[in-house]
> 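This structure is in structure tokens; I'll ask about it shortly.
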Amino acid sequence: MSKNRKILVVGGAGYVGTELTKKLLNLNYEVSVLDLFIYGEKVLREHNNLTIIKGDLRDKDLLKKIIPGHSDLIHLACISNDPSFELNPDLGKSINFDSFRPLVDMSKDNGIKRFVFASSSSVYGIKSDKDVVEDAALEPLTDYSIFKAKCEEILLKRNSEDFVTTIIRPATVCGYSDRLRLDLVVNILSNLAFHKREITVLGGDQLRPNININDMCNAYIDILNQEEKKVSGKIYNVGYENFPVIEIAKMVKNVIGDDVNIVKKESNDNRSYHISSKKIYNELGFYPKFTITDAIKDLKNCFEKKILRDPLNNEFYFNIKRMNSIKLN
Ligand SMILES: NC(=O)c1ccc[n+]([C@@H]2O[C@H](COP(=O)([O-])OP(=O)(O)OC[C@H]3O[C@@H](n4cnc5c(N)ncnc54)[C@H](O)[C@@H]3O)[C@@H](O)[C@H]2O)c1
């Protein structure tokens with residue numbers, strides 16, 4: 001399966017990238033990771049089949065040097081949430097958008113056969129439809145989502161028989177990673193429940209689609225393993241459980257402990273997001289195997305083992321805090 005495939009994971013030292021890289025290595029793929037290592041240098045362990053490249057995807061000379069020799073590219077690198085993007089919109093645009101076209105063109109011209117792009121289900125904006133499907137109109141509300149949508153457009157135009165492109169629109173990811181994010185809904189609630197024994201839910205009826213990080217990684221791997229013609233130029237939502245936030249809070253309490261107090265407060269933001277992930281099941285047979293509860297259990301396990309340093313405050317677990325502190329240009 002992994003013969004003659006060499007995967008370049010751009011952003012492979014991030015929350016999803018770290019776990020994806022481990023899984024690819026376990027499957028005997030040769031992997032290279034290009035990352036700025038904003039969230040720490042030690043998130044990836046050395047491995048005979050892993051090449052680690054510390055660098056900036058905006059550096060065209062570096063890209064020209066490292067892309068040849070790879071067959072597949074998974075693009076995850078990003079200023080990856082709205083608040084971090086808004087902290088410095090010029091920086092956000094330069095990483096999330098301006099660098100995208102050169103990366104795609106250089107990939108196409110230098111032997112990459114398959115290019116998989118991590119977009120976001122936030123490209124849909126807020127929809128009243130029950131299950132938002134891939135051909136719904138895109139109404140992105142923030143610069144982060146607007147640039148994801150624009151990148152999708154650029155990539156689809158480059159799709160061809162010898163440059164197979166696939167776009168993934170993930171739900172919010174949850175669960176443990178060696179590069180942990182504690183600024184995503186399930187992870188936030190689990191962290192507060194474990195360490196403060198209290199969680200506050202604003203509103204609570206809003207639906208939030210989530211996907212366990214194990215399934216998220218498996219979806220990228222599944223795309224790589226599909227026949228080219230099946231995934232060529234395709235877009236897939238990847239989510240699993242669309243639950244109201246209050247239900248997520250109850251799941252957290254169930255796992256973390258009965259003593260956890262859930263405080264419900266009024267919210268004037270009752271917007272719901274809900275996506276359908278039927279297309280990837282119908283077309284590729286991919287379905288999630290891990291639940292939100294599994295993710296909470298994995299987080300609880302890591303909190304109990306005390307492997308995190310200062311999980312309520314440490315900037316490495318909160319993208320906006322980290323971006324604010326490093327002053328990247
Ligand atoms: N985590 C989620 O819930 C979620 C949901 C929807 C979409 N996504 C998308 O999935 C992808 C991965 O998300 P994540 O949660 O792992 O994000 P993350 O912030 O943990 O990882 C992003 C990685 O990109 C690297 N990076 C940033 N700028 C770079 C640059 N200029 N050059 C090289 N590397 C750079 C960072 O160092 C980091 O390791 C992102 O594109 C994100 O938009 C994530």
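Both ligands and their constituent atoms are indexed starting at 1 by order of listing. Nothing here was measured: the structure is a model prediction, and the numbers come from that model.
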> Tell me the protein heavy atom at minimum distance from atom 42 (C) of ligand 1, and give that distance in Å.
Tyr144 OH, 3.6 Å

> Could you tell me whether Tyr220 and ligand 1 have an N or O pair separated by under 3.5 Å?
no

> Could you go through the side-chain contact (heavy atoms from CB on, under 4.5 Å) check for Arg45 and Asp178 one step at a time?
CA-CA 10 Å; Arg45 269 174 237 132; Asp178 286 344; 3.4 Å; yes

> Quick test: of every protein heavy atom, which one is nearest to atom 24 (O) of ligand 1, and how far off is it to 0.1 Å?
Ala77 CA, 3.4 Å

> If you measure only the distance, is there a donor-acceptor pair under 3.5 Å linking the side chains of Ser94 and Arg58?
yes

> For residues Phe290 and Tyr240, establish whether the separation of their ring centroids is below 6.0 Å.
no

> Using distance alone, determine whether Asn319 and ligand 1 share an N or O pair under 3.5 Å.
yes

> Counting non-hydrogen protein atoms only, what is the nearest one to atom 34 (N) of ligand 1? Give residue, atom name and distance.
Leu36 N, 3.2 Å

> Does atom 44 (C) of ligand 1 have any protein heavy atom closer than 4.0 Å?
no

> Under 4.0 Å, heavy-atom basis, I'd like to know which part of Arg169 is in contact with ligand 1: side chain, backbone, both or neither.
neither

> Which heavy atom of the protein is the closest neighbour of atom 11 (C) of ligand 1, given with residue, atom name and distance?
Leu76 O, 3.3 Å

> Any N or O of Leu184 that comes nearer than 3.5 Å to an N or O of ligand 1?
no

> Looking at atom 9 (C) of ligand 1, what's its closest protein heavy atom, distance included?
Ser119 O, 3.8 Å

> Considering non-hydrogen atoms of the protein only, which is the closest contact for atom 23 (C) of ligand 1, and what is the distance?
Asp35 OD2, 3.7 Å

> Give a yes or no on whether the backbone of Val245 and the side-chain of Gln206 come within a donor-acceptor separation of less than 3.5 Å.
no

> Before signing off on this row, confirm whether Thr172 and ligand 1 have an N or O atom pair separated by under 3.5 Å.
no

> Is it true that Glu315 and Arg322 make a salt bridge, defined as a side-chain N closer than 4.0 Å to a carboxylate O?
yes

> Measuring from atom 1 (N) of ligand 1, which candidate in Met216, Arg58, Arg181, Lys148 has the nearest non-hydrogen atom?
Arg181

